[in-house]
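Below is one structure, written out as structure tokens; comments come after it.
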Number of protein chains: 2
Amino acid sequence: MMELTRKGEYAIRGIVYLAGKPIDKVCLLSDIAAAVNVPPTFLAKIFQQFSKIGLVKSFRGTGGGFMLGRPPESITLLEVVEAVEGPIIPNRCVVSPSDCERSGECTVHPVWRRVQDEVRGVLEGVTLKELLTETQTHTTC
Amino acid sequence: MMELTRKGEYAIRGIVYLAGKPIDKVCLLSDIAAAVNVPPTFLAKIFQQFSKIGLVKSFRGTGGGFMLGRPPESITLLEVVEAVEGPIIPNRCVVSPSDCERSGECTVHPVWRRVQDEVRGVLEGVTLKELLTETQTHTTC
DNA sequence: CCTAAAAAGACATTTTATATCTTTTTAGGG
DNA sequence: CCCTAAAAAGATATAAAATGTCTTTTTAGG
Ligand code: SF4
Ligand code: SF4
């Protein structure tokens with residue numbers, strides 16, 4: 001239960017890798033994929049989602065590639081995960097209580113809200129910058 | 001992401017209902033299923049799992065049915081959820097780090113451990129007794 | 001124009017979720 | 001000793017989600 005999908009795992013790997021590069025450095029998707037050991041075509045889909053919401057910037061054509069959209073210290077793990085997995089929802093009634101006719105007087109309902117808050121809290125408290133190690137900071141791609 | 005399945009939702013509904021009955025009262029599966037609005041055949045599978053680990057006691061044949069295996073204040077939501085959904089695992093490396101060759105120096109790994117701890121903590125802190133309302137306590141089935 | 005690279009969309013396969021149905025076992029009561 | 005009620009066990013079915021791949025299109029530099 002509550003398992004991150006491969007997509008989410010790959011998403012984190014890819015963007016953390018990018019966060020270790022100089023902010024203005026454009027990296028090839030193929031290079032990123034090889035470095036983090038993810039199928040390139042799958043990572044492409046993931047980075048397309050990132051690009052749409054500005055988490056990364058993309059450049060097409062010759063000399064194109066990806067760079068981080070914002071400084072690594074301003075991007076949280078929560079953003080990254082939710083970008084590809086959708087919102088953190090421990091139970092469907094958390095997002096739309098009206099879906100369950102029992103939600104009115106349900107005692108379990110608030111528990112899922114708390115789970116949601118705790119998980120979001122943990123993930124929101126971690127930035128990409130904090131996830132970088134010495135060895136991966138500012139290496140070229 | 002992190003969504004409880006129907007099975008887990010149904011499991012909670014069913015056992016909370018049972019927890020509201022007198023401890024020695026045997027309830028028919030069909031009655032429970034009807035009361036909590038769950039497909040009877042599906043709930044049967046769920047209660048079979050409960051029965052195997054003693055969360056509920058089952059009685060076969062005429063006059064058979066189910067009753068709670070232990071007092072409601074001693075059964076946590078974590079037990080119930082894990083009984084049918086398996087352990088709370090935000091990412092597979094939490095359970096077997098050796099599956100991921102990056103786990104050695106991975107900075108993300110500990111985050112998933114924290115997520116796991118937080119979620120388990122919330123669910124472990126809630127007992128079936130606490131989930132009962134006035135109206136459902138000690139009603140006959 | 002030609003080439004490199006990402007974007008977009010269609011397609012394929014596997015796994016998981018969500019059940020249902022049938023047969024078997026167990027137990028009580030006449 | 002049957003007959004019936006009820007759970008247990010196992011097989012099967014369908015739908016949805018996960019996990020990729022492939023093809024075509026768009027964009028941009030040289
Ligand atoms: S019964 Fe309660 S916990 Fe379950 S879906 Fe409805 S509101 Fe949510
Ligand atoms: S890269 Fe890190 S977080 Fe991802 S599976 Fe491996 S150890 Fe876990």
Side-chain angles (χ1 to χ4, degrees), chain A residues 1-15 18 25-34 36-69 81 83-87 89 91-92 141, chain B residues 1-15 18 25-34 36-69 81 83-87 89 91-92 141:
Chain A
M1 186 213 177
M2 305 238 146
E3 208 156 339
L4 189 74
T5 64
R6 289 309 183 98
K7 192 176 177 185
E9 167 67 23
Y10 295 163
I12 295 169
R13 286 193 203 178
I15 203 166
L18 203 53
K25 171 77 179 169
V26 174
C27 297
L28 287 185
L29 182 77
S30 54
D31 289 346
I32 303 170
V36 299
N37 199 26
V38 169
T41 56
F42 200 0
L43 194 64
K45 292 298 181 189
I46 292 166
F47 270 58
Q48 280 170 28
Q49 289 186 264
F50 282 162
S51 181
K52 278 183 186 169
I53 61 175
L55 273 187
V56 304
K57 286 176 193 158
S58 72
F59 303 92
R60 292 159 83 147
T62 313
F66 295 91
M67 64 170 61
L68 211 57
V81 169
V84 298
E85 301 258 24
I89 299 173
N91 200 354
R92 64 188 61 188
C141 38
Chain B
M1 186 213 176
M2 306 238 145
E3 208 156 336
L4 189 75
T5 65
R6 289 307 182 99
K7 192 174 178 187
E9 165 68 23
Y10 294 162
I12 295 169
R13 286 193 202 177
I15 202 166
L18 204 53
K25 170 78 179 168
V26 173
C27 297
L28 288 183
L29 182 77
S30 54
D31 289 345
I32 303 170
V36 300
N37 199 27
V38 168
T41 56
F42 200 177
L43 194 64
K45 293 297 180 189
I46 292 165
F47 269 58
Q48 281 170 26
Q49 290 187 261
F50 282 161
S51 182
K52 279 182 187 167
I53 60 174
L55 273 187
V56 305
K57 286 175 192 155
S58 73
F59 303 93
R60 293 157 82 144
T62 314
F66 295 91
M67 63 170 62
L68 211 57
V81 169
V84 297
E85 302 258 22
I89 300 175
N91 200 353
R92 66 188 59 190
C141 36

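Convention: sequence-line order gives letters A, B, ...; per-chain numbering from 1. Hydrogens, waters and symmetry mates are skipped; everything else that's a heavy atom, side chains included, is used. Just so we're clear, the structure is a prediction, and the values are computed from it rather than from any experiment.
- Counting only heavy atoms from C-beta outward, the side chains of B:Tyr10 and B:Val36 never approach each other to under 4.5 Å.
- Going from atom CG of A:Leu4 over to atom CZ of B:Arg92 covers 9.0 Å, rounded to the nearest 0.5 Å.
- Using a distance-only test at 3.5 Å, with no hydrogens or angles considered, a donor-acceptor pair links the side chain of B:Glu85 to the main chain of B:Thr5.
- Between A:Met2 atom CE and C:dA17 atom C1' there is a gap of 16 Å when expressed in whole angstrom units.
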Give every donor-acceptor pair under 3.5 Å between a side-chain atom in residues 42-52 of chain A and any protein atom, sequence neighbours left out.
from	atom 1	to	atom 2	distance (Å)
A:Gln49	OE1	A:Lys7	NZ	3.0
A:Gln49	NE2	A:Ala83	O	3.4
A:Ser51	OG	A:Ser58	OG	3.4

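- Rounded to whole Å, atom P of C:dA17 lies 11 Å from atom CE of A:Met1.
- Regarding A:Leu43, its CG atom lies at a distance of 10 Å from the P atom of C:dA6, rounded to whole Å.
- Here the CZ-CG distance, from B:Phe66 to B:Asp31, works out to 12.0 Å after rounding to the nearest 0.5 Å.
- C:dT16 atom P lies 13 Å from atom CD1 of B:Ile89, rounded to whole Å.
- When every heavy atom of B:Val84 is checked against every heavy atom of B:Ala11, the shortest pair comes out as CG2-CB, 3.7 Å.
- Among all heavy-atom pairs drawn from B:Met1 and A:Val81, the shortest one is SD-CG1, 3.6 Å.
- C:dA4 atom C1' lies 13 Å from atom CG of A:Asp31, rounded to whole Å.
- If you take CD of A:Gln49 and C1' of C:dA8, they are 13 Å apart, rounded to a whole angstrom.
- In terms of position along DNA chain D, the nucleotide closest to B:Gly63 lies nearer the 5' end than the nucleotide closest to the other residue of the pair A:Gly63 and B:Gly63.
- Between the CD atom of B:Glu3 and the P atom of C:dA17 there is a distance of 12 Å, given to the nearest Å.
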- Contact state string [nucleotides 8-22 of chain D, B base, S sugar-phosphate only, - no protein heavy atom under 4.0 Å]: BBB--------SSB-

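- The CG atom of A:Asn91 sits 9.0 Å away from the CZ atom of B:Arg6 when rounded to the nearest 0.5 Å.
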- Convert the base pairs of DNA chain D into dot-bracket notation, remembering that pairs crossing earlier ones are written with [ ] and that bases paired across to another strand are shown as |; include only Watson-Crick or G-U pairs under 3.5 Å. ||||||||||||||||||||||||||||||

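- Shortest non-hydrogen contact noted between A:Leu68 and A:Leu18 is N-CD2, 3.8 Å.
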